[in-house]
There are 2 protein chains.
Amino acid sequence: SVNPDLASERQTASFSVEKLMAWLDGGVEHTRMRRAVVEAIERDPVFSRENQYFQSQNERYEAAVRKAVHLQKKMREMGWTENGPEYKYIYRALAGDVAFLLHRIFMRSISMLGSDQQVSKWIPLATQYQIIGSYAQTELGHGTYLQGLETTAVFDTTTQEFILNTPKVSAMKWWPGDMGRSATHTVAFAQLYVQGKCYGVHPFIVQLRSLWDHSLCPGITAGDIGPKMSFEHADNGFLMLQNVRVPRENMLSRFCEVQPDGTYVRWGSQKINYFTMTNVRISLLSDEVIVPVMKACTIAIRYSVVRRQSKLKPGEEEAKILDYQTQQEKLLPQLATTYAFHFITDYLQELFDRAYEEIQRKNFDTLPELHAFSSGFKAFVTQHCTSAVEICLRACGGHGYSLLSGLPSLYTKILASCIYEGENTILLLQTARFLIKCFMAASAGQPVPPSVTYLAAMKSRKCPAKNKLDFLNPDIYTEAYQHMAARLVSSTAAKLQDLIQSGVKKHDAWNQCTVQLAQAAKAHCHYITVKNFVETVEKLKTQAGIQKIMKHLCDLFALHGIFSNAGAFLYDGYLSGAQMDMVTASYLDLLPVIRKDAVPLVDAFDFSDKSLNSALGSYDGQVYQRLYEWAQKSPTNTQMSPAYERYLKPLLHNKLSKL
Amino acid sequence: SVNPDLASERQTASFSVEKLMAWLDGGVEHTRMRRAVVEAIERDPVFSRENQYFQSQNERYEAAVRKAVHLQKKMREMGWTENGPEYKYIYRALAGDVAFLLHRIFMRSISMLGSDQQVSKWIPLATQYQIIGSYAQTELGHGTYLQGLETTAVFDTTTQEFILNTPKVSAMKWWPGDMGRSATHTVAFAQLYVQGKCYGVHPFIVQLRSLWDHSLCPGITAGDIGPKMSFEHADNGFLMLQNVRVPRENMLSRFCEVQPDGTYVRWGSQKINYFTMTNVRISLLSDEVIVPVMKACTIAIRYSVVRRQSKLKPGEEEAKILDYQTQQEKLLPQLATTYAFHFITDYLQELFDRAYEEIQRKNFDTLPELHAFSSGFKAFVTQHCTSAVEICLRACGGHGYSLLSGLPSLYTKILASCIYEGENTILLLQTARFLIKCFMAASAGQPVPPSVTYLAAMKSRKCPAKNKLDFLNPDIYTEAYQHMAARLVSSTAAKLQDLIQSGVKKHDAWNQCTVQLAQAAKAHCHYITVKNFVETVEKLKTQAGIQKIMKHLCDLFALHGIFSNAGAFLYDGYLSGAQMDMVTASYLDLLPVIRKDAVPLVDAFDFSDKSLNSALGSYDGQVYQRLYEWAQKSPTNTQMSPAYERYLKPLLHNKLSKL
């Protein structure tokens, strides 16, 4: 039975949850397919996550391998393929904890960087899991800065082999997934040396473990890097190479090759690599970032209408905590942010698809813009979503801190997204470099991509809003964001220029502006996100009920951003103090309006209870009962501890059993 | 041997680390005593935390009990007592993971709330560990709002007993430490009923487990609440009571009593309870909050001079990451914050000690101020420190995410401090209530405590600073903070008044202002922290070298706060945009200055390597070597996984061992 406090929230929805769901899925037929995949996965006991919160790192690794192997079978059974329409729902249904994700990256890198012969040799083996691959790029001493990698591959003309070495501890490969305990092969990145000359970092296929008995191959030292904040199931590994010889054919050679006599030849364009990173960053946003934050909102908002605490009015019953302004102000902006980012990832995907068409026509012009967008949004979205999940966790008080709430594991996992696939600060600075360049070009009258023409076209210097309702006008707030972003870019460009003109060297000047450059990049992403949200709402015209609530969320997202970054809007007087009061008033007024639809808005994300795996967030709201039931299954209750016999009995044991 | 990149940082310190350390400890003799305690604890293998990151919840519980029992012996051996001067260093040296902290709260509550007979019966038993106590207040359904507790205690005149019950699932006691598996007794809070009348929440001593064989007593259901984000060593428990009878003498009766005929008598003042909470909140700040943030800064800053990545200048070697402005801007404000909060806890302790003297003279006048301070600062400090630890973790990139860095466990532990001992938002609103009250009183010409007289005495309306150097003048920035805090309090008071005058009911009006009230409370705490930092630096006059660097940190703390909350200072034109540029310039200029002394500034916190338990943060900076050594000890490397035999072998096993 559904908790009545939660049930009542669903009876007053201002829109149809099913319709919103279908719209979010991109059509009711997608909703149907998604649900069919979820059901097939959840019906299968091998994929159960029931005891996940009680498992050790070893147990989770084992379960992840079991699931990955079973998944192959399941896919054949169900007729699902890697290129089929169901595929994107599988990972969401599994909710992580599946091994061999790096095996897929191994395959992708061979497909893209390997010659036709290499592809036809390795891909069939990998597809059938006759080998398991990994992707060994990051080292103990080097992550984002790839040129600094220290692993070496020296070409030996006499044997036609590359000799791979880990010359020092910091050169050890560190972090690659699937490598610690599983992989038989890896693509290892190393500095290529031919006849004493260094040609930079190149990829080599290296065998790590015997296919006969899985023992480590000669010259290989490998293992697991130990416990991390999350990803317990993944065997992130280390790898040391001592005079490991691989044949000349094992250097991936779609774009370059070492010929038998040692001649180094390079052909084709490597820009396509650039493009792959872009693709990875965009797809990680929807899979690894938006999904967790949707789940966190679902859990925290459902819990906040079941939890009653203290009284809003003397003499009444205790209030649902979501009826407190402070709780609304914690959670509802996160909900709006989730929708905003869901829409921006769609936008990025479209941008990517369009660029891909161009690239197939050998037109690489859109690449710099695409790279700047994917870098900046990766940083902007992961940072906001990580903070959103943390807010959701803290808003659930003590119970949010229990692993059984599901929130801690969402948090520790999403936090990693700020670090992997490019460190966020470095990514923001790449976006900033693009913005500065475009600003300079546009100021000099040169053409720039449409998304950044605004930089050189600052409109009004004052916001025209006269009362708080004006701030519910998307033109008003979109323009405020545009102004703010353009101002931050132009003023940082000016500071950079001033420093250089005053004699500071270019790289020093750049370093002295990086704090502000990162701010400017964020402001740009914020502006684009607001603008895209507004456009998404406008397109919804035919679905009035949904459009109305989406408009409220869009307003809330925009005004929350102004409220929390007030300084950036007040700084040059674009907004006055009185206007900031109007923003605050409109912002706070929106909270009780959206609060009424909060539960339907998270119901529309349509996560099953198994997928949420949360004692606080289930559809029926039986929070306390479930916490109690789950706790009883914990090994702290099911396994006897020797602590009593060993340490307590000598102290406590007493003829008088009761005092 | 010390990593040369770290060693060189120590040769250029602008002050004596030993002198700073002695000053922070409150005298060189304290440093000596602290080190002696640390050495004695760390020399003892029972207290080792060496494998902590690899242990299960059960193993950590067992180790915590072992340590707690051993600690008693150790203290006798060493001649340390609970009231001795060494005592405060013991817990720091143990670095958590010791059982029976709630046993101490059990004893404290009996000492304070129990009658003399109760004290003389229970305290000796507890002191000798013949019983183990817990403190059962929080329930599944109620935390901070104590009046809402649902456990009942009904007085039965015929048997002279209280009958305790858990009437529904949400009334189950949930979270109490030491209760899940260890405690034989607890102080349980329940609604007292006598002859059908409810007298509110009272404390009762209840036996949970047999002293003979540790089995649960009749009517008791108890166990462990399962895994949490941290505190794996603590057996946080649940407790259900079914007609559990305790004698009349088991209600703690220093302040009230149920007499044999059922007459309820109350005497004395309960204000002292109020005072205890205050004390707990202040002491938790130094023990549980400042220490972790000091450790996080130590780890992140040492790592940031060992880690080299990318190039600042073309052609040069890779730069230490602490030489990048963005890395400085992440870490150095956290370092300044750590110092600021170290000083503010000293200030709060003094305030508390002065109040305690007054209370002993039966003067309770300072209690409201003390309560407001301890509530507000608990929230303000825990929130900033939690965010500081997260920043440190993320600033270490991938390696910060490894448990071996020590940062994840510092983060997950400090995060709890935002939730326990009063939820932060509720605490801020208590402070806000005090501030509004004082503002109204002061505006009406009534006397208010000296710490809040500023509220009614707003000075200049414009900041007088003319150039960026003016912002290194403590008067300038302290006044800016004062102005901002006073404005937020007065404008929220005005909004509250307006709402009430326009007919909104008082409690609704309050709820509609809570977002702004919480901001006002934070602003007040921020102002007091800045002011106290300035005063602390002024008092340092005799120690010029230390004073200079402390002045820099004070400036950085203050300017960082203005830079990050620009809106609050720009809003009413107190600062102009041009002045904000000066703040930004001065703020960014300070970073490279303090960066030079960053390592000595964290060395002065004087944590041993064992205490840090971090592969990244050790004194010698042998980061990569240690990560590799520690990882090899992980159970993921020392235990064979059945995954290969079960799942991988059938796929991979191949006559051709090598491809």
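Here is the naming used below: chain letters follow the sequence lines, and residue numbers restart at 1 for every chain. A quick note: this is a predicted structure, and the numbers were derived from the prediction, not measured.
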message: For chain B, which candidate among A/Arg181, A/Lys121, A/Gln327 shows the most heavy-atom pairs at distances under 4.5 Å?
response: A/Arg181
- prompt: For the atom pair CD (B/Gln147) and OG (A/Ser310), what is the distance rounded to the nearest 0.5 Å?
  reply: 7.0 Å
message: What part of B/Ala416 gets within 4.5 angstrom of chain A, counting heavy atoms only: side chain, backbone, both, or neither?
response: both
query: Between B/Asp213 and A/Lys649, does at least one N-O distance fall below 4.0 Å, as a salt bridge requires?
result: no
- request: Considering only heavy atoms and a distance below 4.5 Å, find which of A/Trp510, A/Tyr129, A/Tyr647, A/Phe231 pairs most often with chain B.
  value: A/Tyr647
query: Between CZ of A/Arg394 and CD1 of B/Ile419, what distance do you get to the nearest 0.5 Å?
result: 7.0 Å
- prompt: Taking C-beta and beyond as the side chain, do B/Leu393 and A/Leu415 meet within less than 4.5 Å on heavy atoms?
  reply: yes
- prompt: Of the backbone (N, CA, C, O) and the side chain (C-beta and beyond), which part of B/Thr144 lies under 4.5 Å from a heavy atom of chain A, both, or neither?
  reply: backbone
field: Which portion of A/Lys505 sits near chain B, non-hydrogen atoms under 4.5 angstrom
entry: neither
message: For B/Lys633, which atoms come within 4.5 Å of any heavy atom of chain A: side chain, backbone, both, or neither?
response: neither
Greatest number of heavy atom pairs closer than 4.5 Å to chain A - which of B/Gln328, B/Lys658, B/Met580, B/His70: B/Lys658
- request: Measure the shortest side-chain to side-chain distance between B/Met172 and A/Tyr624 over non-hydrogen atoms and say whether it is less than 4.5 angstrom.
  value: no
- line: Answer key: most heavy-atom pairs under 4.5 Å with chain B among A/Val69, A/Ile426, A/Asp572, A/Thr326 is A/Thr326
- prompt: Given a strict heavy-atom distance threshold of 4.5 Å, which part of B/Leu517 is in contact with chain A: side chain, backbone, both, or neither?
  reply: neither
Any donor-acceptor N or O pair under 3.5 Å, side chains B/Glu62, A/Ser641: no
statement: Taken in chain and number order and not counting sequence neighbours, the residues that satisfy ring-ring contact (aromatic ring centres under 6.0 Å, His included) with A/Trp630 are none
task: Check A/Leu659, A/Leu656, A/Leu651 against B/Leu211 for a side-chain contact (heavy atoms from CB on, under 4.5 Å) and give me the one that passes.
output: A/Leu659
Close side-chain approach of B/Leu652 to A/His214, heavy-atom, < 4.5 Å: yes
- line: Given B/Pro314, B/Ala99, B/Ser56, the one with more heavy-atom pairs under 4.5 angstrom with chain A than any other is B/Pro314
task: May I ask you to check whether A/Gln639 and B/Asn58 show a side-chain donor-acceptor distance below 3.5 Å?
output: yes
message: Among B/Gly148, B/Ala64, B/Gly141, which residue has the highest count of heavy-atom pairs closer than 4.5 Å to chain A?
response: B/Gly141
message: Between B/Pro227 and A/Ser634, is there a side-chain heavy-atom distance shorter than 4.5 Å?
response: yes
message: Run the side chain to side chain contact (heavy atoms under 4.5 Å, CB included) test on B/Lys313 and A/Lys506 for me, step by step, so that the C-alpha distance in whole Å, both residues' side-chain angles and the decisive distance to 0.1 Å come before the verdict.
response: CA-CA 9 Å; B/Lys313 293 176 196 179; A/Lys506 221 172 164 181; over 6 Å; no
message: I'd like to know which of A/Ser387, A/Ala518, A/Ser491, A/Pro642 tops the heavy-atom pair count under 4.5 Å against chain B.
response: A/Pro642
field: Top of B/Lys168, B/Glu318, B/His185, B/Glu329 for chain A proximity - count of heavy-atom pairs under 4.5 angstrom
entry: B/Glu318
- request: Please state whether the side chain, the backbone, both or neither of A/Tyr61 comes within less than 4.5 Å of a heavy atom of chain B.
  value: side chain
statement: Answer key: most heavy-atom pairs under 4.5 Å with chain A among B/Gly398, B/Gly223, B/Ala68, B/Gly226 is B/Gly398
message: Testing the basics here: between B/Tyr401 and A/Ser230, what is the closest heavy-atom pair and its distance to 0.1 Å?
response: OH-CB, 3.1 Å
message: Which one wins on heavy-atom pair count under 4.5 Å against chain B: A/Phe238, A/Phe54, A/Tyr411, A/Trp212?
response: A/Trp212
message: Any salt bridge linking A/Arg307 with B/Glu423? Criterion: basic side-chain nitrogen under 4.0 Å from a carboxylate oxygen.
response: no
task: Classify the side-chain pair A/Thr636/B/Gln57 by whether it contains a donor and acceptor separated by less than 3.5 Å.
output: no
- request: Answer with side chain, backbone, both or neither: which region of B/Asp323 has an atom nearer than 4.5 Å to a non-hydrogen atom of chain A?
  value: backbone
message: Applying side chain to side chain contact (heavy atoms under 4.5 Å, CB included) to A/Ser182 and B/Tyr644, what does each step give before you reach the verdict?
response: CA-CA 8 Å; A/Ser182 298; B/Tyr644 172 68; over 6 Å; no
Intermediate values then yes/no, side chain to side chain contact (heavy atoms under 4.5 Å, CB included), B/Lys330 and A/Thr425: CA-CA 10 Å; B/Lys330 285 175 193 173; A/Thr425 305; 2.6 Å; yes
message: Would you say the ring centers of A/Phe569 and B/Tyr571 fall short of 6.0 Å from each other?
response: no
message: Given 3.5 Å as the limit, does a donor-acceptor pair link the side chain of B/Gln309 with the main chain of A/Gly143, or not?
response: yes
message: Under the rule for side-chain hydrogen bond (donor to acceptor under 3.5 Å, both in side chains), what residues qualify as partners of A/Arg308, not counting sequence neighbours?
response: A/Asp5
query: Where is the tightest heavy-atom contact between A/Trp174 and B/Tyr628, given as atom of each residue plus distance?
result: CH2-CA, 3.8 Å
query: When you look at B/Leu429 and A/Tyr324, which way does the side chain to side chain contact (heavy atoms under 4.5 Å, CB included) test go after all the steps?
result: CA-CA 12 Å; B/Leu429 292 177; A/Tyr324 292 96; over 6 Å; no
- request: Against chain B, work out which of A/Asp581, A/Leu591, A/Asn236 has the most heavy-atom pairs shorter than 4.5 Å and name it.
  value: A/Asp581
query: For B/Ser657, is it the side chain, the backbone, both, or neither that has a heavy atom closer than 4.5 Å to a heavy atom of chain A?
result: both
statement: Bottom line for B/Ile132: the part with an atom under 4.5 Å from chain A's heavy atoms is both
query: chain A: which of B/Gln516, B/Lys228, B/Arg209, B/His142 shares the most heavy-atom pairs with it under 4.5 Å?
result: B/His142
field: Value rounded to 0.5 Å, distance of CD1 in A/Ile225 from CG in B/Leu404
entry: 8.0 Å
statement: Rounding to 0.5 Å, atoms CZ (A/Arg66) and CG (B/Leu648) come to a distance of 12.5 Å
query: Of all heavy-atom pairs between A/Val515 and B/Gln325, which one has the smallest distance, and what is that distance?
result: N-OE1, 3.0 Å
